[in-house]
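Just so you know, ligand 1 is whichever comes first in the structure, and atom 1 is the first atom listed for that ligand.
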Amino acid sequence: MGSTLILATRNPDKLVELRRILEAGHVPVDVGDLEEYPDMPEVAETGLSFAENALLKARAVAAFTGRPAVADDSGLCVDALNGMPGVLSARWSGRHGDDEANLRVVLGQLSDMPPGRRGAHFACAAALVLPSGAEHVTEGLLEGSLTGEPRGRNGFGYDPIFVPDGAVVTTAEMSAADKDRISHRGRALRALAPIIAALLGD
Ligand code: ITT
């Protein structure tokens, strides 16, 4: 028997975060991941919004596995770049998942921007899709600004250059628990947790 709910991501960092947030939300369902389905094909993230991409991933996994699926899509939206890299965050340098190269490109693009003009936010859409076709999407944001140089070793992606509003440290200098409390992914998933519990809980 497989798990009740499948987390539809192959990003191991995100998987750890998704599991931790759902566990902290006491979602009373057995949560599995794509390790159980090595033959699941990659889903092309062709959507123009985070919600569209999260739904594309969750629909594909629900159809392939026959189980309810939760997927998220997330990224960094930089004010001075008109909201980019946005849905292209994972491949902004041209190579999918090269976190260091991606954040170096953003730092280069903002090199002339003084501290007051370095506003940005992380955004996340989380989608739950049931094999019956029922769909739910929730969203979360984390507002902040970008540093001039990377700081900190925790987290992933753009965390070393992102300082949340009201904080002095980057999200890569925060503990995982502190980041979860305020993060875009934490907010989107905590909003989805009661829906998962209502639809799938014992
Ligand atoms: P899956 O599609 O398999 O879930 P992915 O890494 O491709 O994994 P996304 O398409 O959601 O995930 O891309 C998100 C990118 O946005 C990610 O690679 C980071 O560069 C950035 N990002 C998202 N959330 C972040 C966070 O909490 N901290 C730092 N960077 C983040």
Please answer whether the main-chain N or O of [Y] pairs with a side-chain N or O of [X] as donor and acceptor at a distance below 3.5 Å.
| X | Y | value |
| --- | --- | --- |
| N102 | W92 | yes |
| R118 | L146 | yes |
| D98 | R95 | no |
| D159 | A172 | no |

Q) For the residue pair H184 and F122, does the interplanar ring angle fall in the parallel (under 30°), tilted (30 to 60°) or perpendicular (over 60°) class? A)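 Answer is parallel, since the angle falls under 30°.
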Tell me which protein heavy atom sits closest to [atom], plus the residue, atom name and distance to 0.1 Å.
| atom | value |
| --- | --- |
| atom 14 (C) of ligand 1 | S74 O, 3.1 Å |
| atom 24 (N) of ligand 1 | R185 NH2, 2.7 Å |
| atom 1 (P) of ligand 1 | T9 OG1, 3.4 Å |
| atom 20 (O) of ligand 1 | Y158 CE1, 3.2 Å |
| atom 31 (C) of ligand 1 | F122 CE2, 3.6 Å |
| atom 19 (C) of ligand 1 | G157 CA, 3.9 Å |
| atom 11 (O) of ligand 1 | K14 NZ, 2.8 Å |
| atom 7 (O) of ligand 1 | H96 NE2, 3.0 Å |

Quick check on [X] - does any of its heavy atoms sit under 4.0 Å from an atom of ligand 1?
| X | answer |
| --- | --- |
| G75 | yes |
| D159 | yes |
| D73 | yes |
| K57 | yes |

In Å, rounded to the nearest 0.5 Å, how long is the span from [atom1] of [X] to [atom2] of [Y]?
| X | Y | atom1 | atom2 | value |
| --- | --- | --- | --- | --- |
| R190 | T138 | CZ | OG1 | 11.0 Å |
| K179 | R20 | NZ | CZ | 8.0 Å |
| L88 | S93 | CG | OG | 11.0 Å |
| F162 | E173 | CZ | CD | 13.5 Å |
| F50 | L141 | CZ | CG | 9.0 Å |

Q.
Show the atoms of ligand 1 that are less than 4.0 angstrom away from any heavy atom in R10.
A.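 Near R10, the atoms of ligand 1 are 3 (O).
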Q. Can you name the one residue among V61, I6, L128 that meets side chain to side chain contact (heavy atoms under 4.5 Å, CB included) with V70?
A.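 Result for side chain to side chain contact (heavy atoms under 4.5 Å, CB included) with V70: L128.
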**Q.** Minimum non-hydrogen distance to atom 16 (O) of ligand 1, winning option of P12, S183, A123, S89
**A.** S89
Q: Please determine if K179 has a nitrogen or oxygen closer than 3.5 Å to a nitrogen or oxygen of ligand 1.
A: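 Yes, there is a polar N/O contact under 3.5 Å.
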Q) Between N11 and ligand 1, is there a nitrogen or oxygen pair with a distance under 3.5 Å? A) yes
(Q) Below a 4.0 angstrom heavy-atom separation, can you tell me which part of F156, side chain or backbone, both or neither, approaches ligand 1? (A) both
